[in-house]
Protein chains: 2
Amino acid sequence: MKKNPAITAQTRQNLIDAFWELYCTKRIEKITIKEITTRAGYNRSTFYEYFTDVYDVVEQLENNLISKLQEMPMQQLSSSGDPFQLDALVRMYSDHSGYLAVLLGDHGDPAFQRRIKASMKPMMKEALIAQGAKDGYELDYTLEYALSAMIGVLSYWFNQENPPSLEELTAILGELSSSGVMGKLMGLRD
Amino acid sequence: MKKNPAITAQTRQNLIDAFWELYCTKRIEKITIKEITTRAGYNRSTFYEYFTDVYDVVEQLENNLISKLQEMPMQQLSSSGDPFQLDALVRMYSDHSGYLAVLLGDHGDPAFQRRIKASMKPMMKEALIAQGAKDGYELDYTLEYALSAMIGVLSYWFNQENPPSLEELTAILGELSSSGVMGKLMGLRD
DNA sequence: TTGAATCATACGACATGTTGTCGGATAAAT
DNA sequence: ATTTATCCGACAACATGTCGTATGATTCAA
């Protein structure tokens, strides 16, 4: 009886869900393990069977999320003509906006944004170099520039009162990136 | 004998300094008040004469920093031809890089980046509208785009192993912004 | 100038709540 | 019936926030 995946997975998910409800309302350091387990209907000790501490829960959550994020754009990478995958990025963000808006928000995890960028850069870089972009620090900084801008705008958009439509948003992002970032990148060809 | 500014300011600063040394090495939730006061050479209770809790320290620190950041670019706003104050931004960041790199870093405060943007947007917006940019949501999103990109790149730059020189950095930022963001903004004139 | 009153500053101690780690109870599988 | 995964109760150690109190500097009257 090594582990019963059905039961443990359920318990783990119950704990994660309870944590997430709390995390949406307050910063992580104000969340106690007792709160999580009470809400999920377990003894406090049970928490330690699944996580080392409260930060371990966020980390596992982020890992799941990043795995999912990495799958999606890969499929379209070859077919699309846009190396920045603007559509894919925006759709991806919308699909997981519930988690992303909080993790990238005011009491989210500051390391998460860097993790997202780090997970997307390699495949973007690869695609761009395949399209003729020149490798070097300029490419790195241009990618950092573009990803920071995209993520920043998407977060801003999601927390707006009366946000513009997704089409309007995509239009603005497209204009800004194609004239600025993309122009620069196409000038970085060999 | 309301308050003795000389003494209290010194004690407050000692506590802030002690906190900062700890904050540079580990995330805030692992910092105890006892650690701070012991390091600063005070009783633990003394901490509560100056701050309500550990987060209050960061908040006061951020307030000081934002005040300073808001002063600088104002002076040059009229003379410079660049409405984004690229030079001023980069210089400003370098001047306070010690604090900014940590606050914007992996175990920093996720709300701080939004606070910085919020504090800079009004004056940038004002300057841009004075230069003929058209007010509207497109301007807001373009500003968000540009500021996110700048702050992202500057943070990235500061945490690099072998970073390019400040001149090279400014050159890249200038190219990306002038063709993309600035181009867009000049197209938003009335 | 001096001495006493006053008050800001810093401290010690207490009650409460959180943490992480035991060993043990329960229930299901073999 | 035995074994073992899963969950629970209890314990010691530590952090928190709030008291009341000691100290020592400033003020002002004699």
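Numbered from 1 within each chain, the chains take letters A, B, ... in sequence-line order.
Test A/L61, A/I151, A/L100 against A/F112 for side chain to side chain contact (heavy atoms under 4.5 Å, CB included) and you get one pass: A/L100.
To the nearest angstrom, C1' of C/dT26 lies 15 Å from OH of A/Y42. Atom CD in A/E35 sits roughly 13 Å away from atom P in C/dG17 (whole-Å rounding). The interatomic distance linking A/I36 (CD1) with C/dG20 (P) rounds to 11 Å, in whole Å. Rounded to an integer number of Å, the gap from CZ of A/F51 to C1' of C/dT21 is 18 Å. In this entry the distance linking CD1 of B/I33 with C1' of C/dA10 reads 16 Å, nearest Å. If you take CD of B/E49 and P of C/dA10, they are 8 Å apart, rounded to a whole angstrom. When the P atom of C/dT19 is taken as reference, atom CD1 of A/I31 falls 11 Å away, rounded to whole Å. Whole-Å rounding puts the B/L15 CG to C/dT9 C1' distance at 12 Å.
Between B/T52 and A/N43, the residue anchored closer to the 5' end of DNA chain D is A/N43, taking for each the nucleotide with the nearest heavy atom.
Comparing C/dA10, C/dA13, D/dG9 by their closest approach to the side chain of A/S45 singles out D/dG9. The side chain of B/D53 lies closest to D/dG17 when the candidates are D/dC7, D/dG17, C/dC11. The side chain of B/R44 lies closest to C/dA13 when the candidates are C/dA13, D/dA15, C/dT9. You'll find that the side chain of A/T46 is closest to D/dC8, out of C/dT18, D/dC8, C/dA10.
No salt bridge links B/K30 with A/E29; every basic N to acidic carboxylate O contact stays at or beyond 4.0 Å. Here B/D140 pairs with B/K125 in a salt bridge; the nearest charged N to carboxylate O distance falls below 4.0 Å.
The shortest distance between side-chain heavy atoms of B/F19 and B/V58 falls below 4.5 Å. A heavy-atom distance below 4.5 Å is found between the side chains of B/Y137 and A/E168.
For A/Y50, a side-chain nitrogen or oxygen approaches OP1 or OP2 of D/dC7 to under 4.0 Å. Note on B/T11: every side-chain N or O is 4.0 Å or more away from OP1 and OP2 of C/dT9. Listed pair A/Y48 / C/dC22 fails the phosphate criterion, with no side-chain N or O lying under 4.0 Å from OP1 or OP2.
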